[in-house]
Colleague: 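Below you'll find the structure I mean.
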Amino acid sequence: MTGGSNIKTNTRSSEVKLQEEKRRLELLQESLSRSNALTSGMVSTLDNFERKLQSLDELVTPVYEATNELHLLLNNVDQSLTLVDSVLHYYDICEELTTTVSSGPGGNLADYLGELGRLEDAVRYFKRTEATRERERVLRLFDLGRKRLVEETDKLILRYANPLQPKETLDLVETYAKNTTDLHAMQEADMRILQSIIEWFNSHGFKQGLIDSYATKRGTMIRRSLQLLAEHLGKTSVRRISTVATSSPSLSQKSTHNNETLKRQGTKISDMGRRLMRTSAHSTGSRGTNSSLSASTTTLEENTVFDSNDDRETNNYKLLLDAFIVLLQRDRDLLNYVFMTDLQSLVFTKLIELPLVYMREEAQSLCESIERSPRKIDMGKFAIYGIFSILRWFLRSRPVFAKLYQESDVARRQQFTTLSATFEQSAVNCLRGILEEITTDSSPRSQGGNVHPLTSHVLAFMEGLLAYEDTATIIASRYVEQQQQRSSSGGASGTDKGLYDLGTYFAQLVRALHVTLSKKSDDHNVRNDATMRAVFLLNNVNYLLKRLENSPLLALLQRCQPDLKSKYEADFQTSLRDFTKCYTPLVLPIQQMLEYDNNHHIPDGKLRDRDREQLKESFAAVNAAIDSIRQQFSQFIISDVDLRDRLRSEGKAAIIDLYKRYYSKFAHKDFTKNRDKYIRYEPRAFEIIIENSF
């Protein structure tokens, strides 16, 4: 029973669940039907909306396109109006700016340059059009504006282009020597204005005219300042010393020391000379007591001063060079403020042309004057030293020239070499002229056979030239090259080559001096008196050797002529032998009498008549010879003490012993009653005559 009831219960539960599921299914089917109905309605609505949007688009699109076209037309109209305004501006700009442009920059350069910029735009516009008339109007106005800028530039330049007075120039040189760098005299505001104008011209391609204008005016100012200074120096007797080339302390101290040494000693043994003296000591040793020359020397020009500033004209030119460099340096500094870097060299090269031409003209005039001057070997030598001092100025001023130029301007530095080249060639000509003067000297033989002035002048010139070793060696090399006389420089180069060439030139001078002195000694009057000729040569050769022995000249000469000293010593000995021949008129009667005695044996007692006559004739001839020697010696001038002593010693050696023998052999014989007439000179008296001669 129980099992049957459970089955029934389960069956009823399943039926209830089935009924519930069927109700749910019906509800779902009903919801599905409503959803389908709603979906169909929505689709219909959307289709309707789409149709309406499409209709609206068809209405709006034409309107939008029309609006865009209207905007484009509006923009075109605006641009056209703007273009028309700008074009009309170009046509109206001449009337607008004529007054402003014509009046010039005035005090407002920036606005004026702005107006010129507007004119330049108009020029560019009309160049693209066929409006020829308007283009010409604008171009004329623009050119007028450029002209006004040039005038403004000229006004600024001329404001500072007045030539400096001599005192101002000299003060400027002193300022430079004190290493003061603020040398430009232009106001800062004016420099800024000038710089702006120059930059504008450079950017617009009109720089050349401005460069020429600026450089010409500033160059003219420098030239005129130099002319005024030259006139001032020509009128004043006040001496000034060049300071630019020796502005460094080391150079100044060296120059001061050299001048003091020259004034104290009369001659300058330069560093080169001392070097030669050390290296050649073995060839210039002492002569010894038996030598023809002793260690002491007597100098005719012991008070001579070799001063590098002895010539006024050359000293003045060095001052002009100082001023020239300082004025150029001042303008070079000014270029750094005013011109762009790429223009500075162009302007400076143009600027120096006028002052450089003036300095060349002055140099040429000075050199020609010195070359034409007579007596170069005497008073004219100081002017020649002046040329060498100017060349030394150029040599020491190389750093100053380098400072004026940039490293890229090496080629332009050659502008200054034309100045130094003028003096270099003039120095060569003067050396040649000195040699010619010595060769053609026609002055008479010095009185009494004394040292000829030409000898002292030649040696003084050579010693003075040694004070300019640095430049003299260079010029000597040029001289030798031009003379084409260098066969060999001993393998030397550099400084040694220059010293060799200087020694070569000095050797030419000494040889020419020797030839000239020989000619003077061989003239008619001297040729008739061999003793006078010997004295003349002895005096000059002795003076030459002594002067060389105490000078660096000897070592320098021996570089190219090693036998020079021995050659002149041999000449001295030859002349010395010729001098002793003056005793021949005395030796001959003495020897004849001695020979007579050997042949006839004159007795000590009573003499034969022929013996008495022979003795009378012999003593008369001896007395006449001594009188002649005494009178002859009184005419000679022997300035050197050592040479006088040497000649006296040679004379006594040649005759005294022979005379003593003659006197002791014949003076006591009774050959005359008038002994005072025939026996006038005892040996000691004759010896005193020789000792007191000259």
Colleague: Between atom CG of Leu233 and atom CG of Asn316, what is the distance when rounded to the nearest 0.5 Å?
Modeller: 4.5 Å
Colleague: Has the side chain of Arg312 got a donor or acceptor atom that lies under 3.5 Å from a matching backbone atom of Gly234?
Modeller: yes
Colleague: Does Asn539 reach the main-chain N or O of Ile637 with its side chain, forming a donor-acceptor pair under 3.5 Å?
Modeller: yes
Colleague: Does a side chain donor of either Arg392 or Ser389 reach within less than 3.5 Å of an acceptor in the other side chain?
Modeller: no
Colleague: Between Lys376 and Ser373, is there a donor-acceptor pair closer than 3.5 Å when you use the side chain of the first and the backbone of the second?
Modeller: yes
Colleague: Measure the CZ-NZ distance between Phe686 and Lys652 for me, rounded to the nearest 0.5 Å.
Modeller: 11.5 Å
Colleague: For Glu368, check side chain to side chain contact (heavy atoms under 4.5 Å, CB included) against everything at least two apart and list the hits.
Modeller: Gln364, Arg372
Colleague: Among all residues two or more places apart in sequence or in another chain, which pass the salt bridge (Lys or Arg N to Asp or Glu O under 4.0 Å) test with Glu424?
Modeller: Arg478
Colleague: Say you draw a straight line from CD of Glu650 to OH of Tyr583; how long is it, rounded to the nearest 0.5 Å?
Modeller: 9.5 Å
Colleague: Examine distances only and state if a side-chain atom of Thr439 and a backbone atom of Leu435 form a donor-acceptor pair shorter than 3.5 Å.
Modeller: yes
Colleague: Quick one: CD on Gln591 to CG on Leu594, what's the gap to the nearest 0.5 Å?
Modeller: 7.5 Å
Colleague: Run the side-chain donor-acceptor check on residues 599-607: report pairs under 3.5 Å with partners two or more places apart or on a different chain.
Modeller:
{"unit_1": "Asn599", "atom_1": "ND2", "unit_2": "Glu595", "atom_2": "O", "d": "3.2"}
{"unit_1": "His600", "atom_1": "ND1", "unit_2": "Tyr596", "atom_2": "O", "d": "3.1"}
{"unit_1": "His601", "atom_1": "NE2", "unit_2": "Asn598", "atom_2": "O", "d": "3.4"}
{"unit_1": "Asp604", "atom_1": "OD1", "unit_2": "Lys669", "atom_2": "NZ", "d": "2.7"}

Colleague: Could you tell me which residues satisfy salt bridge (Lys or Arg N to Asp or Glu O under 4.0 Å) with Asp670, sequence neighbours excluded, listed by chain and number?
Modeller: none
Colleague: Kindly indicate, with the supporting measurements, whether the criterion salt bridge (Lys or Arg N to Asp or Glu O under 4.0 Å) is fulfilled by Asp441 and Lys520.
Modeller: CA-CA 9 Å; Asp441 182 80; Lys520 294 182 185 301; 2.7 Å; yes
Colleague: Going by an N to O cut-off under 4.0 Å, is there a salt bridge joining Glu691 and Arg684?
Modeller: yes
Colleague: Kindly write out the residues that satisfy salt bridge (Lys or Arg N to Asp or Glu O under 4.0 Å) with Glu437, not counting sequence neighbours, or none if the list is empty.
Modeller: none
Colleague: Got a sec, which residues hit salt bridge (Lys or Arg N to Asp or Glu O under 4.0 Å) with Arg608, two or more places apart in sequence or on another chain?
Modeller: Asp611
Colleague: Are any non-hydrogen side-chain atoms of Lys565 and Leu548 less than 4.5 angstrom apart?
Modeller: no
Colleague: Which residues pass the side chain to side chain contact (heavy atoms under 4.5 Å, CB included) test with Leu537, sequence neighbours left out?
Modeller: Ser521, Arg533, Ser575
Colleague: Applying side chain to side chain contact (heavy atoms under 4.5 Å, CB included), can you list everything that pairs with Lys567, at least two apart in sequence or on another chain?
Modeller: His514, Gln561, Asp571
Colleague: Between Tyr317 and Phe423, does the ring centroid distance fall short of 6.0 Å?
Modeller: yes
Colleague: Restricting to ring-ring contact (aromatic ring centres under 6.0 Å, His included), what partner residues turn up for Phe619, sequence neighbours left out?
Modeller: Tyr662, Phe671
Colleague: Got more than 12 heavy atoms from elsewhere within 6.0 Å of CD, Glu361?
Modeller: yes
Colleague: By ring-ring contact (aromatic ring centres under 6.0 Å, His included), which residues pair with Tyr505, not counting sequence neighbours?
Modeller: Tyr479
Colleague: Could you measure the distance from the CG atom of Asn315 to the CH2 atom of Trp393? Nearest 0.5 Å is fine.
Modeller: 13.0 Å
Colleague: Tell me, please, which residues at least two apart from Asn623 pass side chain to side chain contact (heavy atoms under 4.5 Å, CB included).
Modeller: Arg680, Tyr681
Colleague: Do side-chain atoms of Ser369 reach the backbone of Ser365 as a donor and acceptor pair under 3.5 angstrom?
Modeller: no
Colleague: Please answer whether the main-chain N or O of Leu643 pairs with a side-chain N or O of Asp640 as donor and acceptor at a distance below 3.5 Å.
Modeller: yes
Colleague: Please determine whether the number of non-hydrogen atoms from other residues, nucleotides or ligands lying under 6.0 Å from atom CD of Gln635 exceeds 12.
Modeller: yes
Colleague: Is a side-chain donor or acceptor of Arg648 paired with a backbone partner of Ser693 at a separation under 3.5 angstrom?
Modeller: yes
Colleague: Got more than 12 heavy atoms from elsewhere within 6.0 Å of CZ, Arg630?
Modeller: no
Colleague: Could you tell me which residues satisfy side-chain hydrogen bond (donor to acceptor under 3.5 Å, both in side chains) with Tyr663, sequence neighbours excluded, listed by chain and number?
Modeller: none
Colleague: Check step by step if side-chain contact (heavy atoms from CB on, under 4.5 Å) holds for Phe461 and Ile384.
Modeller: CA-CA 10 Å; Phe461 171 75; Ile384 297 175; 4.2 Å; yes
